[in-house]
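Atom set for the values below is all heavy atoms of this structure, side chains included, hydrogens, waters and symmetry mates excluded. These figures come from a predicted structure and were not determined experimentally. We count residues from 1, following the sequence as given.
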Amino acid sequence: MSLFPAFRAAIALVAGGVIGLAFGTIQERARIRHERLQAEGKFPNGLTAMPGAFRRVAYLLVALVLVQYVCPALFDPKTVSPWCVSAGIAAGYGWTLFSRLWQRRA
């Protein structure tokens, strides 16, 4: 049995985790900034709920496309690696949400 598929899956999980964690961190900073501006009364109505959210999601999609082109071996449909990238993204973003929940409980 070759270790290369397991190594590829681990690299895919780490790459997805980095992307998810970066996206979660950017979202968290935007939320903090939004709450600060809202407390200062800079948002007159509720239509400006989360400015820049679409742009941040677009950056996430661009990051995923770049990873697909830079590391095509991670997205070989014959392996489990694409699922590992997705799991890493979910885990990285979930970690930021979990840590915020943990801070609120404390």
Solution key, residues 94-102 side-chain donor-acceptor pairs under 3.5 Å, sequence neighbours excluded:
unit_1	atom_1	unit_2	atom_2	d
Thr96	OG1	Tyr93	O	2.6
Ser99	OG	Trp95	O	3.2
Ser99	OG	Thr96	O	2.9
Arg100	NE	Glu28	OE1	3.4

For Arg105, all residues meeting salt bridge (Lys or Arg N to Asp or Glu O under 4.0 Å), sequence neighbours excluded: none
Among Ile, Leu, Val, Met, Phe, Trp and Tyr joined by side-chain contacts under 4.5 Å, find the other residues sharing a cluster with Tyr59 and list them by chain and number. none
Could you state the interatomic distance from [atom1] ([X]) to [atom2] ([Y]), rounded to the nearest 0.5 Å?
{"X": "Leu13", "Y": "Ile89", "atom1": "CG", "atom2": "CD1", "value": "10.5 Å"}
{"X": "Arg56", "Y": "Leu60", "atom1": "CZ", "atom2": "CG", "value": "11.5 Å"}
{"X": "Leu21", "Y": "Ile26", "atom1": "CG", "atom2": "CD1", "value": "10.0 Å"}

Is it the case that one hydrophobic cluster holds both Phe23 and Leu64, taking links as side-chain heavy atoms less than 4.5 Å apart, direct or via other members? yes
